[in-house]
Amino acid sequence: MSLGSDSGPGIVHSLLCHRQGGDSEAFARRAIQSLLRKLKEKRDELDALVAAVTSGGAQPGQCVTVQRTLDGRLQVAGRKGFPHVIYARLWRWPDLHKNELKPVQFCQFAFDLKCDSVCVNPYHYERVGTPTSGLSIQSTGPPHHSPVLQPPVSTHPGPEFWCSIAYFEQDVQVGEIFKVPSSCPTVVVDGYVDPSGGARFCLGQLSNVQRCAASERARLHIGKGVQLERRGEGDVWMRCRSDHAVFVQSFYLDREAGRAPGDAVHKVYPGAHIKVFDLRQCHRQMQQQAATAQAAATAQAAAVAGSIPGPGSVGGIAPAIGLSVAAGLGVDDLRRLCLVRLSFVKGWGPDYPRASITCTPCWIEVHLHRALQLLDHVLHALPDAHA
């Protein structure tokens with residue numbers, strides 16, 4: 001897999017999505033940037049690093065090396081540490097101690113071999129005395145909390161279908177919406193022509209009389225597509241099964257990467273397995289946004305009635321105009337919190353010629369029914385703004 005066309009910031013962003021949360025995001029970003037500078041002339045090793053990290057070790061790849069220093073330690077963001085430990089903490093075990101690592105047999109530049117170069121590929125090391133050796137699915141994505149340790153967000157019975165998936169070619173929906181029963185926690189969306197049903201949505205058999213050449217070409221490369229998995233009450237993980245990257249719009253990944261909601265498009269490489277939706281976080285966000293909009297609407301009603309005094313008030317109209325933006329937050333804005341969008345093969349946004357996902361040749365929109373159910377409860381719990 002070559003990353004030759006990727007920009008540095010794009011790779012940093014992708015690798016940052018897989019940090020395990022022990023250190024601050026600022027430190028993690030600087031550690032990643034420092035490593036990328038050292039790999040600038042070693043593109044094959046950089047490719048191996050991205051493949052190993054984004055696949056959660058499914059593709060451990062070759063050694064990824066940096067020059068050994070005199071005392072063996074590396075300085076990152078003013079902090080000194082052993083390089084293989086720094087990056088193992090970053091992407092695998094945040095609570096790792098330096099004496100807990102041992103190299104795998106096939107690692108040619110392991111720290112303990114005292115070579116001039118040191119391998120920092122986190123999947124070329126094992127944690128001594130840890131039963132899972134970091135290979136559990138739980139360790140292959142952004143940090144998250146096990147739903148077993150937390151009470152459910154709601155005790156209301158779950159929906160009959162945990163998600164519904166709509167397929168689009170540019171701005172046109174193609175075929176019917178595919179619903180996934182709650183009895184099937186995983187669903188595969190692929191490009192094959194088999195009949196869809198149960199836990200598999202095959203896009204290859206969908207016809208579109210207005211299909212453009214770009215969509216025809218892109219559909220040929222969907223291949224094994226993606227697998228979506230519901231965990232616990234409603235968290236969602238995604239595995240890229242395709243030979244080509246997919247591009248994801250996810251408020252959860254935005255937050256993990258320190259971006260504003262809806263501000264980023266996340267490139268997910270083949271083999272990667274990452275969390276793309278957190279129900280608890282979504283519930284908090286919808287509660288906050290709904291309450292803010294409710295308060296703004298109440299204040300706007302008072303302003304229009306002339307009951308809010310102030311130097312800018314002209315019969316209450318001026319403050320009402322100022323408040324209208326917050327009060328204008330609609331149900332559709334809140335519903336966007338309850339979905340994940342992804343494009344196959346082609347990206348969009350500032351780094352691509354396509355401005356929005358509706359310009360990409362083939363993409364899906366996944367509506368998450370438990371989140372929508374919770375949104376309905378949140379909206380019904382709000383007091384009437386005009387009461």
Side-chain angles (χ1 to χ4, degrees), residues 16-25 28 56 94-95 136-165 180-187 226-239 248-264 266 268 272-295 329 331-342 365-382:
L16 199 59
C17 287
H18 294 268
R19 73 184 181 95
Q20 293 301 301
D23 291 303
S24 69
E25 184 194 328
D95 58 344
S136 69
I137 290 175
Q138 301 287 350
S139 72
T140 62
H144 68 290
H145 303 287
S146 168
V148 176
L149 302 178
Q150 293 180 309
V153 176
S154 170
T155 55
H156 193 278
E160 180 183 359
F161 300 95
W162 71 265
C163 77
S164 56
I165 306 169
V180 184
S182 292
S183 57
C184 296
T186 63
V187 59
V226 296
Q227 175 183 287
L228 299 171
E229 177 189 3
R230 186 202 72 224
R231 289 193 187 176
E233 191 180 354
D235 292 354
V236 179
W237 285 63
M238 187 195 79
R239 185 186 299 279
V248 181
Q249 189 175 59
S250 155
F251 288 166
Y252 172 79
L253 290 179
D254 292 343
R255 186 184 179 99
E256 289 298 304
R259 303 288 290 269
D263 182 48
H266 306 270
V268 180
H273 186 207
I274 62 171
K275 187 177 181 179
V276 294
F277 182 82
D278 185 287
L279 183 69
R280 196 170 296 274
Q281 181 195 97
C282 175
H283 187 237
R284 282 197 303 267
Q285 210 167 351
M286 67 175 66
Q287 284 179 314
Q288 291 166 0
Q289 291 191 18
T292 300
Q294 175 71 21
L329 183 75
V331 175
D332 284 346
D333 297 291
L334 293 168
R335 286 177 67 89
R336 286 193 194 98
L337 299 173
C338 308
L339 58 84
V340 174
R341 290 170 159 182
L342 72 90
E365 186 171 83
V366 184
H367 293 258
L368 301 165
H369 293 191
R370 182 59 166 174
L372 289 166
Q373 191 180 52
L374 294 177
L375 174 58
D376 191 50
H377 297 165
V378 167
L379 294 174
H380 277 95
L382 289 174

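Contact annotation: the side chain of V236 never approaches that of V340 to less than 4.5 Å [non-hydrogen atoms, C-beta and beyond]. You'll find the side chain of R239 stays beyond 4.5 Å of the side chain of E229, heavy atoms only. Within the 4.5 Å cutoff, the side chain of F251 has no heavy atoms near those of the C282 side chain. Contact of the L337 side chain with the L375 side chain is not registered, since no non-hydrogen atoms from C-beta on lie closer than 4.5 Å. Side-chain contact between W237 and V276: absent, with no pair of heavy atoms (C-beta onward) separated by less than 4.5 Å. Counting only heavy atoms from C-beta outward, the side chains of M238 and L342 approach each other to under 4.5 Å. Contact of the S154 side chain with the Q373 side chain is not registered, since no non-hydrogen atoms from C-beta on lie closer than 4.5 Å. Taking the side chain as every heavy atom from C-beta outward, L279 and L374 approach each other to under 4.5 Å.
Rounded to the nearest 0.5 angstrom, D376 CG and L334 CG are separated by 11.5 Å. Distance check: Q249 CD to R336 CZ gives 9.0 Å after rounding to the nearest 0.5 Å. The structure places CG of D278 at 7.0 Å from CZ of R284, a figure rounded to the nearest 0.5 Å. With rounding to the nearest 0.5 Å, the separation of CD in E365 from CD1 in I165 is 11.0 Å. Remark: C338 SG to L372 CG distance equals 4.5 Å, nearest 0.5 Å. Remark: R231 CZ to K275 NZ distance equals 8.5 Å, nearest 0.5 Å.
Checking each of V268, V226, I274 against V248 for a side chain to side chain contact (heavy atoms under 4.5 Å, CB included) leaves exactly one that passes, namely V268.
Considering every non-hydrogen atom in both G262 and D254, the closest pair reads N-OD2, 2.7 Å. The two residues H369 and P159 have their closest heavy-atom pair at CB-CG, 3.7 Å. For the pair M286 and A371, the tightest heavy-atom approach, listed with the atom from each and the gap, is CE-O, 3.6 Å. Smallest separation of non-hydrogen atoms from R341 and L339: CG-CD1, 3.9 Å.
A donor-acceptor pair under 3.5 Å is formed between the side chain of S182 and the backbone N or O of E160. Side-chain atoms of Q289 never come within 3.5 Å of backbone atoms of Q287 as a donor-acceptor pair (strictly under, hydrogens ignored). Of the possible polar contacts, one joining the W162 side chain to the C184 backbone as a donor-acceptor pair under 3.5 Å is found.
A salt bridge links E233 to R370: one of the charged nitrogens lies within less than 4.0 Å of a carboxylate oxygen.
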